[in-house]
Amino acid sequence: MSVERGTGPEIENLLAERRTFPPDPAFAARANATAELYEEAEADYEAFWARQARERLSWFTEPTQTLEWDLPFAKWFTGGQLNVTYNCVDRHVEAGNGDRVAYHWIGEPGETRTLTYADLQRETAKAANALLELGVRTGDRVAIYMPMIPELPIAMLACARIGAPHTVVFGGFSAEALSGRINDCGAKVLITADGGWRRGKKVGLKHHADEAMASAPSIEHSIVVNRLGDDVNMVHGRDRWWHDIVDGQSDDCPPVPVDSEHMLYLLYTSGTTAKPKGILHTSAGYLLGTAFTHWAVFDLKPDDIYWCAADIGWVTGHSYIVYGPLANGATGLLYEGAPDAPTWDRWWEIVEQHKVTILYCAPTAIRAFMKQGEEIPKAHDLSSLRVLGSVGEPINPEAWRWYRDVIGGGTTPVVDTWWQTETGQIMISPLPGVTTTKPGSATFPLPGIDADVVDGDGNSVPKGSGGYLVLKRPWPGMLRGIYGDPERYRETYWSRFEGMYFAGDGAKRDEDGYLWLLGRVDDVMNVAGHRISTTEVESALVDHQSVAEAAVVGKTDPISGQAIFAFVILKAGQEASDHLGVQLREHVAYVIGPIARPKFLMFVPDLPKTRSGKIMRRLLRDIAEGRQLGDVTTLADATVVDTIRENSGKAED
Ligand code: WT7
């Protein structure tokens, strides 16, 4: 990790956000989660999770033990046996809810498909029988590389039905990324598609899959969904069309009981080295963690229309499009396309048409909508919305306010949810019927979760101070390791602070005990001995009326150690000028303090982002330092950095 023992622990607590939003009493009166949950969980967190597991999961064999904790290796609900797909699908059908819609699917070109729980049961059983026909057995790994079409969750559930762990690789990744992941876990079958739609264009997948399979010897077969109707290369004996091998199967495929700790899936995530980590999640604890948090944080009711706008290729989609919501019998939306396809109206059209009640998305999307102007969402009836969620990065107070005011009509609670691929489930978040929120704060750990902010020596910091975010006790949805590398697991997460999970994020605890996430610790700048969060400076910039989005990095400075370099995207209709540059820098100095005034500020048309929307600060640091660019393979749009670089000479103070 990049944090050194003994460095100053205090991240400057400079940005004071004072507005608060108590829950609406009418909402609180009907809320799923109440304050008692915190008390119950604090009294005995194992007993709390044991009760949740009894009440929320259906078991073939009840567990005999709640937790075996041999730090850093946890086992939850040992002795128990269940099947994840049975919990997500079959039991709802058995309970008489087969006609309930599981997914309303919307393809980017506008076609729709509706899948009830009974449909899902049939389709997952057929797909599972196809996997069995291809020789997949319980424990064998299956790779999935697909667009956002119904066959994607069906494929995942088919795997879980027979206890074959899946690894979903986001459809935007390259052939090389795909083969690397397949080879790491030795997957036997690859489920893919001819392609999908993105911004009005066909995006082919099969040729990437072919290239990947050429260097992935463990793959014996592929199953290919015909999404685009395109003619693709099919290798005889290896590749099978989904409609040929799945559609004719029997719809009877008994769910296989697996142990609680049976591997459910691997999801690869990048770390500090080039080799992605296969984050390992198991069955019962993960399912419970996602189901409980989905119920509590989003206040899910039977008549809700729930839309998580992430891609299933990321953990947000695994936990909050597939496993959590389906375990809860939710009715959800599945949208294939981009927010601006064909126009920036698309999401709001969908919300209006389907009367979406719960929306879960990323601050990046919210800021993109802000940039387009509030007239666009305001032209639609969004009054069905009753809970708004945010995830993936710190949400700056301005975006939080805009989300609540413009999208939520000024009354809808916003839940800023902090978690990670590794945590599996939401860890820090308001409960919408309980917590008084502050814009930009993820507020408090959820019931059962022990999160803390510590200094460089692992001591809790006092209120009003910053430090490192840690988790101090195991939780059901936690990663069980890095696939094939227990040492790296211990080293990455459990070695920085003894007995604690180090999340890699900076955080502060304000005077009222609220938690504020400050970004990854390697995004924390050190200016003249003061630790300043990139996030706080960005929030201050976005707080200015003319700014749509900002990214800030530290640039090596001979006098102050680091100087602040800000990249700023203006709102539509705003003119970049030297005068505005000075104004913005003064604005930051005004909001946070002179220490945080950016020394360099550059107006840019766009920012380098990964396909999941994370700003690649590493590249911005390279640009700021005038260095050769590092690895750009995960960049969504390679032309962005070139444009910025061409202008970077002009950024000098
Ligand atoms: C990192 C994990 C969790 C699903 C999507 C991202 C950042 C996530 C928040 C939030 C501030 C957040 C953290 C974390 N992050 N949610 N609400 N506020 N930061 O999963 O790719 O594993 O990334 O995303 O830095 O460590 P991921």
Side-chain angles (χ1 to χ4, degrees), residues 1-3 11 168 170 173 266-272 276-281 289-290 293-294 297 308-324 360-367 388-397 399-400 403 414-430 437-446 449 451 453 466 468-471 477-479 482 492-493 496 501-508 514-524 533-536 538-539 609-617 634:
M1 296 270 49
S2 57
V3 185
I11 293 172
V168 179
F170 174 58
F173 276 130
L266 294 170
L267 187 59
Y268 286 83
T269 184
S270 39
T272 47
K277 302 175 278 194
I279 302 301
L280 195 163
H281 285 290
T290 55
T293 51
H294 181 257
V297 171
C308 168
D311 192 289
I312 290 178
W314 310 111
V315 75
T316 306
H318 282 59
S319 297
Y320 297 106
I321 297 178
V322 182
Y323 292 112
Y360 192 29
C361 69
T364 286
I366 298 164
R367 288 192 295 263
L388 298 172
S390 170
V391 62
E393 47 187 316
I395 180 166
N396 48 295
W400 194 105
Y403 199 24
V414 172
V415 288
D416 173 15
T417 64
W418 179 89
W419 58 295
Q420 307 177 293
T421 303
E422 291 87 341
T423 69
Q425 63 185 82
I426 298 170
M427 303 295 282
I428 304 175
S429 168
T437 50
K438 298 187 182 189
S441 167
T443 71
F444 304 104
L446 288 178
I449 303 302
V453 182
Y468 305 104
L469 184 72
V470 295
L471 301 165
M478 69 189 277
L479 77 165
I482 295 174
T492 307
Y493 303 107
R496 177 64 184 83
Y501 171 91
F502 176 42
D505 282 7
K508 77 181 180 196
Y514 281 66
L515 296 172
W516 298 73
L517 277 303
L518 300 174
R520 306 293 301 175
V521 286
D522 41 14
D523 291 340
V524 173
S533 145
T534 51
T535 308
E536 280 189 320
E538 288 161 5
S539 286
K609 287 181 186 161
T610 63
R611 294 181 184 88
S612 65
K614 283 200 194 310
I615 294 173
M616 294 180 74
R617 286 211 179 63
T634 54

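Atoms within each ligand, like the ligands themselves, are counted from 1 in listed order.
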- Query: Which option, G613, A503, G392, S429, owns the non-hydrogen atom nearest atom 8 (C) of ligand 1?
  - Reply: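 Ranked by closest heavy atom to atom 8 (C) of ligand 1, first place is G392.
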- Closest by any non-hydrogen atom to atom 18 (N) of ligand 1: pick that one out of E393, M427, Q425. E393
Could you check [atom] against the protein and tell me its nearest heavy-atom contact, residue, atom and distance included?
atom	value
atom 11 (C) of ligand 1	P394 N, 3.1 Å
atom 3 (C) of ligand 1	W419 O, 3.1 Å
atom 14 (C) of ligand 1	D505 OD2, 3.3 Å
atom 21 (O) of ligand 1	K614 CE, 3.6 Å

- Could you tell me whether E393 and R367 make a salt bridge, using a distance below 4.0 angstrom between a side-chain N and a carboxylate O?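 So E393 pairs with R367 through a salt bridge.
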Going by the order shown, which atoms of ligand 1 are within less than 4.0 Å of some heavy atom of [X]?
X	answer
T417	9 (C), 10 (C), 16 (N), 17 (N)
V391	3 (C), 4 (C)
T316	4 (C), 5 (C)
T421	20 (O), 21 (O), 22 (O), 27 (P)
V315	4 (C)

Expected output: side-chain [X] to main-chain [Y] donor-acceptor under 3.5 Å:
X	Y	result
S441	L515	yes
K614	G392	yes
Y468	A503	no
H318	I312	yes
S319	G424	yes

- Query: Regarding T423 and Y501, is there a side-chain donor-to-acceptor distance under 3.5 Å anywhere?
  - Reply: no
- Task: Please work out whether any backbone atom (N, CA, C, O) or any side-chain heavy atom from C-beta onward of L517 is under 4.0 Å from ligand 1, and answer side chain, backbone, both or neither.
- Result: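 The answer is the side chain.
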- For D416, is the nearest heavy atom under 4.0 Å from an atom of ligand 1?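 Checking ligand 1 against D416, which is what was asked, there is a heavy-atom contact under 4.0 Å.
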- Message: side-chain contact (heavy atoms from CB on, under 4.5 Å), that's the test. Do W419 and T316 meet it? Break it down for me.
- Response: CA-CA 9 Å; W419 58 295; T316 306; 3.9 Å; yes
- Message: Here's a test for you: under side-chain contact (heavy atoms from CB on, under 4.5 Å), which of T421, L267, I482 qualifies with K277?
- Response: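 Result for side-chain contact (heavy atoms from CB on, under 4.5 Å) with K277: I482.
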